[in-house]
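Throughout, protein chains are lettered first and strands after them, A, B, ... in sequence-line order, and every chain is numbered starting at 1.
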Amino acid sequence: MKSGFDAKNIYKFWEDNGYFGADIKSKKPTYSLLMPPPNLTGELHLGHAMQHSVLDAVARFKRFQGFNVLLLPGVDHAGIQFESTFDKKIAREKLSKQKLGREKWLEEAWKFKEEVYKSVSHTWRFLGISADWSREVFTLDEGPRKAVFFEFKTFWDRGLIYKGPYIVQWCPKDNTAIENAELEYEERKEKLYFLKYGPLTLATARPETKFGDTAMAVHPDDKRYKQYVGKEFEIETLAGKKKMKVVSDKAVDPEFGTGVIKVTPGHDFADYEIGKRHNLPIVQVIDKHGRLTDIAGKYAGMKVLEAREAMLGELEEKGILVKTEDYVHNVAVCERCKSVVEPLISEEWFVKVGEIAKEAVHEINSDKIKFLPKNYKKILVEWLDSIHDWCISRSLWWGHRIPVWYKDGEMKVSLDSPGKGWEQDEQVLDTWFSSGLWPMSTLGWPFANAQGEPSKGKGEFDPDLAKFFPWDFEITAPEIKYLWIARMIMLSKYFVDDIPFKTMFFHGMLRDLEGRKFSKSLGNGIDPQYLIDNWGVDATRMALYTYAIPGRDGRVSKASLDERGKNFRNFGTKLRNVARYVIDLKSESSKVKTINADDIWIEAELIKTIKKVTKNLESLELHLAVDEIYEFVWHQFADKYIEQSKGRRVEAQPTLEYVLKEVLILLHPFMPFLTEELYQKFEIKRKSIMIEDWPSTSK
RNA sequence: GGGCACUUAGCUCAGCUGGUUAGAGCGUCUCGUUUACACCGAGAAGGUCGGGGGUUCGAAUCCCUCAGUGCCCACCA
């Protein structure tokens, strides 16, 4: 290495020497790691820094062990999240979607994406991530675009995709349908209103949906109301009198409220089902902006909560509102923007995933995937067992546009425009529709062969897929286990008939001291760059590894991270001083090798440490590996052996050098920069510590 | 309502395929200006491993139970 030893130079030195690249022609055994693509909505956060550091440590370890390692990097376009971040940004510049128009908006969005990407990319290099940058993928790249089209086309041709008006969870703020898995529930203290409907009284939390009621329902076995079932009554509404039937349905809980419910098929999932069973009409009361429609008369245009407040007086006046009770229940909110979602009817695209999920369950139950922690196997199987059709359309602009074209009532599935006059579907595909293909689309699937034909699977025409798939290692946060992990397992099985990865590592969530997730809105985030600036990259990585335990959340604060950062910074200094003592200040080595009890002891301890660290790395318990090396270097090698060597320095020199060199290699996966710097001080050496061999214990 | 975790020193946490006096970092206290290092060294105090019960020669580690905390899923209007 020519110039100085700062991290930047070291990183460039590695990159220039091609140490990060995977070799498709290599005869060595393969070990592949897939980076979970971070969302391009801001800088990398601590969780990213942790998972990417883990990937890097494993990658470096496997290289030492002689594997042909592929660590493939990439980023995700993150549909809803990116779009709302970007819209907020342009709102500050007094711009909007309406003002810009789709084309211009997309143009600006891509510029913003590049901006954010730069910072992410910079942080990766700062962290020392040894990824194969020549293979980096963005989910909106041409490769994934074709993969997504292939996915859509295949589902379409096989009749698994359908479009139609269905009840969906609608986020009025993001203005798009979202999935159940994208919801959160918040406990709210609200009121339960008892309303008089003809001869019956019923309880509801949502009087504003009254305009959309098309029936009343009771439980079939409820003796109290048997006489009313099937009959029609005239009831008083705020928009005049209206005829309404009483139906019986087992979905009604006779214990709740009065045992009677109003059925609003347009704005409630359960009611929608009841409506289907009894052929009830659907009336839209709430529009896609969360406001009441014209049918609500003078309440039209009001937001849901406003309308609810506003209509209470009139309800009471007309004697419809009988009483109110305090009521605590869970309200569904959008996971991204936290606004209350409205179930409503919308024209959306769906995939029938039942059979695909079944196959995925078989795959998981065959234990070909090792889950860490292992209880995630059960968690995923349970979710897949009760899966419902996947709503894949989003009313957004940022994403893969639905590859369907219309002209004169005709419709065509095509990647690009079929010709003049064809209009493309306005909607884009759910982000996870493309992310679910990540394990394959990153390897060139499905058009990897020379003929440009879709591949049938891991065949001879897909050299990358054949070589690196399934991935040996994948890591992620537990929060996207259904959205992403389950989808990858389903889609891999369906399209290439295999598992996507052999080991699936779910790390814990880093939380603040109150146990809350880190989020921009809470402002409790800790920037990894802050830690790097204060304690250095290597120390930051070490601190993060102590939290990288499968399935265990970690509570951290700036202070607690500073504490660990400082500790490992000190450890780095310790190691630097050890190296100074051993190498810089070395006296002549003894020609005759004399071994005493101390030498035998330290070598035995070293062997023990190598064994433990190797085992811990194999089992992906990085926190234990870090602990072992720390203990050995500081308290055995430095405090004991080096202290005792001072009286017999010349004799001890070969052992000092031997142990130090082994230690540097053991530590390199975790502290790559410092170990490379110190390694370069040895006179007889390979060009880089990265091309050393993992210490052997057979000595 | 269902499921899954967690509860170990003042703080944040390791350890848990059962086995010598239960560990780390930080914090606290005592001592130390030795020629790698004060971003240091030597040493000390501090825990009935949430409560109770069981299995065992032996349990922080396995089983049952209770309590508290957290997370996930479902969701009743």
Please write out the pairs of protein N or O atoms and N or O atoms of nucleotides 16-23 of chain B separated by less than 3.5 Å, giving the distance to one decimal.
| from | atom 1 | to | atom 2 | distance (Å) |
| --- | --- | --- | --- | --- |
| B/rC16 | N4 | A/Arg552 | NH2 | 3.0 |

Which word best sums up how the rings of A/Tyr641 and A/Phe637 line up, parallel for under 30°, tilted for 30 to 60°, or perpendicular for over 60°?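 Ring orientation, 0 to 90° scale: parallel.
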Between A/Lys640 (side chain) and A/Trp634 (backbone), is there a donor-acceptor pair under 3.5 Å?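 Answer holds: no.
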Check whether A/Thr214 reaches the backbone of A/Pro281 with its side chain - one donor and one acceptor, N or O, closer than 3.5 Å.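 At least one qualifying donor-acceptor pair exists.
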Review item, nucleotides 61-63 of chain B N/O atoms under 3.5 Å of protein N/O:
none

Reading RNA chain B 5' to 3', what string of ( ), [ ], | and . shows its pairs, if Watson-Crick and G-U wobble pairs count only when both distances fall under 3.5 Å? (((((((..((((.....[...)))).(((((.......))))).....(((((..]....))))))))))))....
Just checking, is any N or O donor in the side chain of A/Asp389 or A/Tyr166 under 3.5 Å from an acceptor N or O on the other one?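 No pair is found: no donor N or O on one side chain lies under 3.5 Å from an acceptor on the other.
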Does the salt bridge (charged side-chain N to carboxylate O under 4.0 Å, His left out) test come out yes or no for A/Lys303 and A/Glu342, once each step is laid out? CA-CA 11 Å; A/Lys303 290 204 167 179; A/Glu342 289 296 341; over 6 Å; no
Could you check whether A/Phe568 gets within reach of a base, just the sugar-phosphate, or nothing at all, counting any heavy atom under 4.0 Å?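 The residue A/Phe568 makes no contact with any strand.
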How is A/Ala638 classified with respect to the nucleic acid when contacts are heavy atoms under 4.0 Å: base, sugar-phosphate, or nothing?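 A/Ala638: base contact, heavy atoms under 4.0 Å.
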Taking [M] as the reference, what is the distance to [N] when you measure between their [atom1] atoms (whole Å, please)?
{"N": "B/rU56", "M": "B/rC11", "atom1": "C1'", "result": "36 Å"}
{"N": "B/rA9", "M": "B/rU55", "atom1": "C1'", "result": "29 Å"}
{"N": "B/rU30", "M": "B/rA36", "atom1": "C1'", "result": "26 Å"}
{"N": "B/rG70", "M": "B/rU12", "atom1": "P", "result": "14 Å"}

Any A/His623 side-chain nitrogen or oxygen under 4.0 Å from OP1 or OP2 of B/rG15: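 Indeed, a polar side-chain atom of A/His623 lies that close.
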Atom-pair distance (CH2 on A/Trp535; P on B/rG25), nearest Å: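 In whole Å, B/rG25 P lies 16 Å from A/Trp535 CH2.
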May I have the distance from A/Leu660 (atom CG) to B/rA36 (atom C1'), rounded to whole angstrom?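 The distance from CG of A/Leu660 to C1' of B/rA36 comes to 12 Å, rounded to the nearest Å.
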Determine, step by step, whether A/Val168 and A/Phe350 satisfy the side chain to side chain contact (heavy atoms under 4.5 Å, CB included) criterion, reporting the C-alpha distance in whole Å, the side-chain angles of both residues, the deciding distance to 0.1 Å, and the verdict. CA-CA 11 Å; A/Val168 292; A/Phe350 297 84; 3.8 Å; yes
Could you tell me whether A/Glu309 atom CD has more than 12 heavy atoms of other residues or ligands within 6.0 Å of it?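 No, CD of A/Glu309 has 12 or fewer neighbouring heavy atoms, counting only those of other groups under 6.0 Å.
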Holding to side chain to side chain contact (heavy atoms under 4.5 Å, CB included), I want the full list of residues that pass it with [X], two or more places apart in sequence or in another chain.
{"X": "A/Lys615", "value": "none"}
{"X": "A/Ala638", "value": "A/Lys574, A/Val578"}
{"X": "A/Ser53", "value": "A/Leu127, A/Arg541, A/Leu544, A/Tyr545"}
{"X": "A/Lys378", "value": "A/Glu382"}

Can you see whether A/Phe505 has A/Lys370 sitting over its ring - NZ or CZ less than 6.0 Å from the centre and within 45° of the normal?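 No, A/Lys370 does not lie over the aromatic ring of A/Phe505.
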With salt bridge (charged side-chain N to carboxylate O under 4.0 Å, His left out) as the test, would you mind laying out the steps for A/Asp367 and A/Lys377 before giving the verdict? CA-CA 9 Å; A/Asp367 289 328; A/Lys377 172 185 166 182; 2.8 Å; yes
Could you list all the salt bridge (charged side-chain N to carboxylate O under 4.0 Å, His left out) pairs where at least one residue sits in residues 190-201 of chain A, not counting sequence neighbours?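 Listed by first then second residue: A/Glu190-A/Arg308, A/Lys191-A/Asp326.
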Suppose the criterion is salt bridge (charged side-chain N to carboxylate O under 4.0 Å, His left out): which pairs have a residue in residues 544-566 of chain A, not counting sequence neighbours?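 Qualifying pairs, neighbours excluded: A/Arg511-A/Asp553.
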Counting side-chain heavy atoms from C-beta on, which of B/rC37, B/rC76, B/rG25 comes nearest to A/Arg580?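 For the A/Arg580 side chain, the nearest candidate turns out to be B/rC37.
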If the sugar-phosphate is the primed atoms plus P, OP1 and OP2 and the base is the rest, what is the B/S/- string for nucleotides 38-43 of chain B, using protein heavy atoms under 4.0 Å? -BSSS-
Report each atom pair, protein N/O against N/O of nucleotides 29-33 of chain B, whose distance is under 3.5 angstrom.
none

Protein-nucleotides 68-74 of chain B N/O pairs under 3.5 Å:
| from | atom 1 | to | atom 2 | distance (Å) |
| --- | --- | --- | --- | --- |
| B/rC72 | O2' | A/Tyr482 | OH | 3.4 |

